[in-house]
Engineer: 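Structure incoming, see below.
Numbering of residues begins at 1 and proceeds along the displayed sequence. The shown structure was predicted, so the numbers you read here are calculated from the model rather than taken from an experiment.
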Amino acid sequence: GRRLPKTMSQDEVGRILAIARDRDGADSRRLTALVEILYATGLRVTELVTLPISALSRDHRILVVRGKGGKERAVPVGRKALAALRHYLRDARPTLAAGRTSPALFLGRGGRAVSRQGFWKRLKLHATAAGLERVTPHLLRHSFATHLLEGGADLRSVQMMLGHADLSTTQIYTHVASRRLR
């Protein structure tokens with residue numbers, strides 16, 4: 001038996017996003033975009049923070065992600081995530097770039113790519129402000145997959161979006177969805 005992954009409810013994800021949206025500044029705009037993209041695409045945190053700006057399609061609706069083993073996959077971006085991303089690109093990224101050019105999509109202070117640890121730290125602060133404990137980027141990935149399956153998505157599509165090589169890796173989420181439905 002494999003342990004079932006923990007997930008968040010849609011309401012809990014919404015509470016984190018509400019805290020980020022309510023705060024002003026480039027950091028909050030970036031965090032909102034990061035969380036929206038992570039939850040809407042199911043990317044691994046390393047895939048997210050290392051995304052180059054060139055990963056965006058012309059209309060920003062598709063991200064071309066380089067995953068484990070250097071494999072590329074195209075991942076669709078939902079409306080809310082797309083809106084948060086556009087807001088970040090327009091209002092926050094130029095401020096964070098500080099006049100420098102960078103190939104990274106998500107920038108930290110000084111124009112360098114945001115780090116995994118920096119993202120996790122900000123996510124944790126916002127989760128705590130939302131009254132949630134033990135929130136990690138990977139928990140959002142698990143929640144993405146579970147919520148898709150609960151909403152009727154087929155397992156193969158979820159597998160492709162997550163970048164799993166083996167369908168049995170993705171099947172664990174069917175057990176989580178079934179348990180929650182029961």
Side-chain angles (χ1 to χ4, degrees), residues 1-21 30-51 55-57 59-88 105-106 116 119-120 122-124 126-128 130-182:
R2 295 170 77 181
R3 259 188 27 232
L4 295 178
K6 294 188 181 343
T7 62
M8 299 171 65
S9 70
Q10 291 177 8
D11 178 61
E12 289 170 330
V13 175
R15 286 176 20 208
I16 292 172
L17 287 166
I19 294 288
R21 282 188 203 113
R30 180 189 59 220
L31 182 68
T32 300
L34 282 162
V35 174
E36 285 280 8
I37 294 291
L38 186 62
Y39 180 63
T41 62
L43 298 180
R44 295 174 183 93
V45 69
T46 300
E47 294 169 344
L48 178 68
V49 298
T50 60
L51 276 174
L56 288 169
S57 65
D59 62 0
H60 297 171
R61 292 183 184 165
I62 301 286
L63 287 173
V64 178
V65 180
R66 186 175 302 277
K68 284 186 175 180
K71 295 178 187 168
E72 283 190 357
R73 67 185 190 277
V75 181
V77 180
R79 280 190 317 268
K80 287 183 181 181
L82 183 58
L85 181 60
R86 286 184 175 148
H87 197 80
Y88 160 77
L105 176 58
F106 293 106
R116 289 169 41 113
F119 171 53
W120 186 85
R122 295 238 184 265
L123 177 63
K124 185 177 176 184
H126 283 70
T128 301
L132 302 170
E133 294 182 20
R134 299 186 182 194
V135 174
T136 65
H138 210 71
L139 184 62
L140 286 167
R141 178 174 161 86
H142 291 314
S143 300
F144 158 81
T146 303
H147 297 162
L148 276 180
L149 290 169
E150 287 174 348
D154 69 283
L155 192 61
R156 180 79 172 119
S157 296
V158 175
Q159 176 195 7
M160 297 302 289
M161 285 185 269
L162 290 173
H164 288 161
D166 192 331
L167 189 61
S168 66
T169 307
T170 313
Q171 282 179 319
I172 192 78
Y173 297 109
T174 60
H175 299 299
V176 175
S178 297
R179 183 187 69 196
R180 283 178 42 170
L181 287 173
R182 273 198 302 273

Engineer: First locate atom NZ of Lys124, then atom CD1 of Ile16, and finally report the distance between them rounded to the nearest 0.5 Å.
Structural biologist: 13.0 Å

Engineer: Show your working on ring pair (Phe, Tyr, Trp, His ring centres under 6.0 Å) between Tyr88 and Phe106 and close with a plain yes or no.
Structural biologist: CA-CA 9 Å; Tyr88 160 77; Phe106 293 106; 5.2 Å; yes

Engineer: Taking CZ in Arg86 as the centre, count heavy atoms belonging to other residues, nucleotides or ligands within less than 6.0 Å. Is the count above 12?
Structural biologist: yes

Engineer: To the nearest 0.5 Å, what is the distance between OG1 on Thr7 and CD on Glu150?
Structural biologist: 7.0 Å

Engineer: Is it the case that the side chains of Asp11 and Ser9 hold a donor-acceptor pair, with the cut-off being a distance below 3.5 Å and no angle test?
Structural biologist: no

Engineer: Would you say Arg141's side chain and Leu162's backbone share a donor-acceptor pair under 3.5 angstrom?
Structural biologist: yes

Engineer: Do the side chain of Arg15 and the main chain of Ala130 share a donor and acceptor less than 3.5 angstrom apart?
Structural biologist: yes

Engineer: With sequence neighbours excluded, what pairs up with Arg116 under the side chain to side chain contact (heavy atoms under 4.5 Å, CB included) test?
Structural biologist: Val45, Thr46, Val49

Engineer: Please test Thr50 against Leu105 for side chain to side chain contact (heavy atoms under 4.5 Å, CB included), starting from the C-alpha separation and ending with a verdict.
Structural biologist: CA-CA 8 Å; Thr50 60; Leu105 176 58; over 6 Å; no

Engineer: Could you report the tightest heavy-atom contact between Ile62 and Asp59, atom names first, then the distance?
Structural biologist: N-OD1, 4.4 Å

Engineer: Do Val64 and Ser57 have side chains that get closer than 4.5 Å, going by heavy atoms?
Structural biologist: no

Engineer: Evaluate the side-chain proximity of Pro137 to Leu140: yes if any heavy-atom separation is below 4.5 Å, no if none is.
Structural biologist: no

Engineer: Mind checking whether Leu48 and Val65 have side chains closer than 4.5 Å, heavy atoms only?
Structural biologist: no

Engineer: Got Thr32 and His87 here, is their nearest side-chain heavy-atom distance under 4.5 Å?
Structural biologist: no

Engineer: Between the side chains of Glu36 and Lys80, is the shortest nitrogen-to-carboxylate-oxygen separation below 4.0 Å, so that they form an ion pair?
Structural biologist: no

Engineer: Determine whether a donor-acceptor pair (N or O, by modelled atom type, separation under 3.5 Å) exists between the side chain of His147 and the backbone of Ser143.
Structural biologist: yes

Engineer: Check Arg73 with Glu47, please: is the shortest side-chain N to carboxylate O separation under 4.0 Å?
Structural biologist: yes

Engineer: Please report the closest heavy-atom contact between His60 and Leu82, naming both atoms and the distance.
Structural biologist: O-CD1, 3.3 Å

Engineer: A quick test of your reading: do over 12 heavy atoms of other residues, nucleotides or ligands sit less than 6.0 Å from CD of Glu72?
Structural biologist: yes

Engineer: If we only count heavy atoms from C-beta on, is the Arg44 to Lys68 side-chain gap below 4.5 Å?
Structural biologist: yes

Engineer: A side-chain contact here means heavy atoms from C-beta on lying under 4.5 Å apart; do Leu132 and Met8 qualify?
Structural biologist: yes

Engineer: How long is the straight-line distance from CG of Leu51 back to CG of Leu34, given to the nearest 0.5 Å?
Structural biologist: 9.5 Å

Engineer: Would you give the length of the straight line joining atom OG1 of Thr136 to atom CG of Leu123, rounded to the nearest 0.5 angstrom?
Structural biologist: 7.5 Å

Engineer: Evaluate the side-chain proximity of Arg30 to Arg122: yes if any heavy-atom separation is below 4.5 Å, no if none is.
Structural biologist: yes

Engineer: What heavy-atom pair brings Ala40 and Gly78 nearest, and what distance separates the two atoms?
Structural biologist: CB-N, 4.4 Å

Engineer: Which pair of non-hydrogen atoms, one from Leu31 and one from Phe119, has the smallest distance, and what is that distance?
Structural biologist: CD1-CE1, 3.7 Å

Engineer: Taking all atoms of both residues into account, what is the closest heavy-atom pair of Phe144 and Tyr39, and its distance?
Structural biologist: CD1-O, 3.0 Å

